[in-house]
Amino acid sequence: MTHILHRQINAVLPVASGGKGIELLDSNGRGYIDASGGAAVSCLGHGHPDVIAAMHRQADTLAYAHTSFFTSDVAEALADRLVADAPAGISHAYFVSGGSEAIEAALKMARQYFVEIGQPQRRNIIARKQSYHGNTLGALATGGNEWRRAQFRPLLIETHHIDPCFAYRFQEAGETDEDYAARSAQALEDKIIELGPETVMAFVAETVVGATAGAVPPVADYLRRVRQICDRHGVLLILDEVMCGMGRTGMLHACEQDGVAPDLMTIAKGLGGGYQPIGAVLLSRKIFDAFASGSGLFQHGHTYICHPMACAAALAVQEVIARDKLLDNVKAMGAYLARRLGERFGNHPHVGDIRGRGLFMGVELVEDRSSKQPFDPKRKLHARIKKAAMANGLLVYPMGGTIDGANGDHVLLAPPFISDLAAIDAIVERLGEAFNQAFRGSLD
């Protein structure tokens with residue numbers, strides 16, 4: 001009997017007992033290829049000696065000091081590194097313990113910014129349907145995943161949602177990428193005008209949509225158009241790169257691939273690679289200056305912000321990524337993963353779309369390829385795939401749809417920044433076995 005309130009109360013989970021590289025081991029000695037990095041977290045894999053050594057050194061020096069009294073050398077060093085590598089205009093970092101906390105802090109920064117500059121009427125948040133921004137109440141209200149929101153709706157602040165930029169589902173036949181990007185971005189401007197530009201505080205978007213839609217990248221110049229719309233109406237652009245950021249798409253920040261710099265950016269997951277709980281908000285100079293020349297503080301805080309152990313782990317992770325040129329590796333291995341997925345599943349009768357960037361890939365599953373008809377959610381195909389994959393020694397991140405019933409089950413792949421072609425081949429082949437088993441069960 002367990003005294004833990006697990007995610008699924010009646011589930012019987014194997015006990016993780018160790019990990020090395022791309023594999024996790026259970027207490028029975030069975031190995032699993034971690035093809036999703038947990039939840040797109042373990043970018044360096046498991047048991048990296050440099051990160052473990054850095055954590056030991058930090059524990060020997062200083063484990064914790066409250067930020068109302070002290071800063072620490074390691075937190076300052078991590079901030080220096082992140083700002084040096086950040087998109088143009090980013091000047092400061094605010095360290096928290098995970099992605100949801102980062103989104104909460106970013107929303108409060110946006111609100112306080114407008115209070116500080118004399119525009120307190122700005123309160124409205126616009127985000128996108130089927131997005132995910134975290135499970136705390138502000139983050140949940142901002143996200144557009146209705147399954148997560150439904151029972152907590154009475155507790156959520158009012159927010160507003162538009163369709164995502166999701167070419168597989170919403171691009172019309174014969175519509176060019178550029179025309180679709182313009183139409184998709186126009187939905188943001190239409191919503192801003194509907195609400196009243198003087199009332200809109202921020203637009204929040206995942207640069208590449210993560211688990212709830214399955215690695216959906218923006219099309220053509222969509223994000224540049226969004227940036228222009230936000231600038232035109234004085235709205236802050238908050239990019240959520242908790243899942244897709246910190247190198248997973250082949251650049252440290254996914255928005256760099258689109259030539260866009262946000263006002264606020266949230267990062268986590270690959271920031272610390274799972275070695276310690278850590279997230280951050282990267283904020284632009286204009287946000288910082290508004291606080292500094294106004295109230296002189298950010299009216300927010302948690303007990304464990306700037307935690308020295310977490311910062312030490314994150315700094316070590318980022319140093320390994322830079323030293324070992326792992327972003328180049330992500331591009332090369334990502335191209336190979338995309339090719340192998342296409343070869344294995346490109347003509348599969350139940351694979352509708354293969355998409356993503358770098359080592360952040362999604363496979364969308366459909367009952368009928370020609371109509372893009374998803375499987376009946378009652379079949380719980382994504383749960384079948386997860387179970388079958390684990391039985392084949394593979395960890396993947398499957399999810400069920402939907403945007404108003406439109407999109408189907410999908411599988412997210414976010415393996416560690418590996419350089420082993422054989423490991424990629426093994427991931428694809430084991431995924432194929434899992435699909436075969438799951439489809440047989442779902443089509444009985």
Side-chain angles (χ1 to χ4, degrees), residues 8 11 13-14 22-24 30-40 130 166 168-169 209-217 333-403 405-416 418 420-444:
Q8 297 289 331
L13 298 171
I22 66 169
E23 278 200 324
L24 282 168
R30 185 171 189 194
Y32 305 81
I33 296 177
D34 189 0
S36 60
Q130 199 60 10
F166 190 172
Y168 178 68
R169 287 293 171 183
V209 182
T212 53
V216 179
M333 291 298 101
Y336 185 70
L337 175 60
R339 178 164 71 82
R340 291 291 291 114
L341 288 171
E343 291 169 350
R344 182 68 173 80
F345 303 115
N347 293 315
H348 194 289
H350 298 301
V351 172
D353 194 28
I354 300 169
R355 55 183 177 249
R357 289 180 179 174
L359 288 174
F360 192 62
M361 297 294 295
V363 179
E364 182 158 342
L365 307 171
V366 292
E367 189 161 21
D368 180 73
R369 278 170 61 102
S370 60
S371 67
K372 303 181 183 179
Q373 175 66 35
F375 283 96
D376 185 337
K378 293 178 182 177
R379 291 177 171 176
K380 296 187 182 300
L381 179 62
H382 60 286
R384 292 175 181 268
I385 289 171
K386 181 179 180 180
K387 182 177 180 180
M390 286 193 73
N392 283 283
L394 181 70
L395 304 178
V396 295
Y397 201 108
M399 291 284 291
T402 109
I403 302 173
N407 75 303
D409 299 275
H410 53 266
V411 174
L412 183 72
L413 298 174
I418 56 179
D420 183 354
L421 298 180
I424 296 289
D425 291 337
I427 288 169
V428 173
E429 290 309 312
R430 293 188 193 189
L431 183 62
E433 294 286 334
F435 281 178
N436 290 339
Q437 294 172 31
F439 288 134
R440 281 197 297 270
S442 69
L443 297 173
D444 287 344

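Residue numbers run from 1 in the order of the sequence given. The shown structure was predicted, so the numbers you read here are calculated from the model rather than taken from an experiment.
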Which pair of heavy atoms, one from [X] and one from [Y], lies closest together, and at what distance?
| X | Y | result |
| --- | --- | --- |
| H348 | N436 | NE2-OD1, 4.5 Å |
| G362 | A215 | N-CB, 3.5 Å |
| V351 | R369 | O-NH1, 2.8 Å |
| Y32 | L395 | CB-CG, 3.8 Å |
| Q437 | A388 | OE1-CB, 3.7 Å |
| G210 | F360 | CA-CZ, 3.8 Å |

Are [X] and [Y] close enough that some pair of their side-chain heavy atoms sits under 4.5 Å apart?
| X | Y | answer |
| --- | --- | --- |
| M333 | P415 | no |
| I22 | D34 | no |
| V209 | F166 | no |
| V428 | L337 | yes |

Could you give the distance from [atom1] ([X]) to [atom2] ([Y]), rounded to the nearest 0.5 Å?
| X | Y | atom1 | atom2 | answer |
| --- | --- | --- | --- | --- |
| E367 | D376 | CD | CG | 8.0 Å |
| E23 | R30 | CD | CZ | 11.0 Å |
| L365 | I385 | CG | CD1 | 4.5 Å |
| K386 | M399 | NZ | CE | 10.5 Å |
| M361 | L341 | CE | CG | 5.5 Å |
| L359 | I427 | CG | CD1 | 8.5 Å |

* Asked: Would the Y168 and H410 ring centres measure less than 6.0 Å apart?
  -> no

* Let me know which of R384, H382, R379, K380 forms a side-chain hydrogen bond (donor to acceptor under 3.5 Å, both in side chains) with D409. =>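 That would be H382.
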
* Salt bridge flag under 4.0 Å for residues R355 and E364 -> yes

* Can we say R340 and E343 salt-bridge, meaning some charged N sits less than 4.0 Å from an Asp/Glu carboxylate O? -> yes

* Fit a plane to each ring of F439 and F375, take the angle between them on a 0 to 90° scale, and name the class: parallel (under 30°), tilted (30 to 60°) or perpendicular (over 60°). =>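 F439 and F375: parallel rings.
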
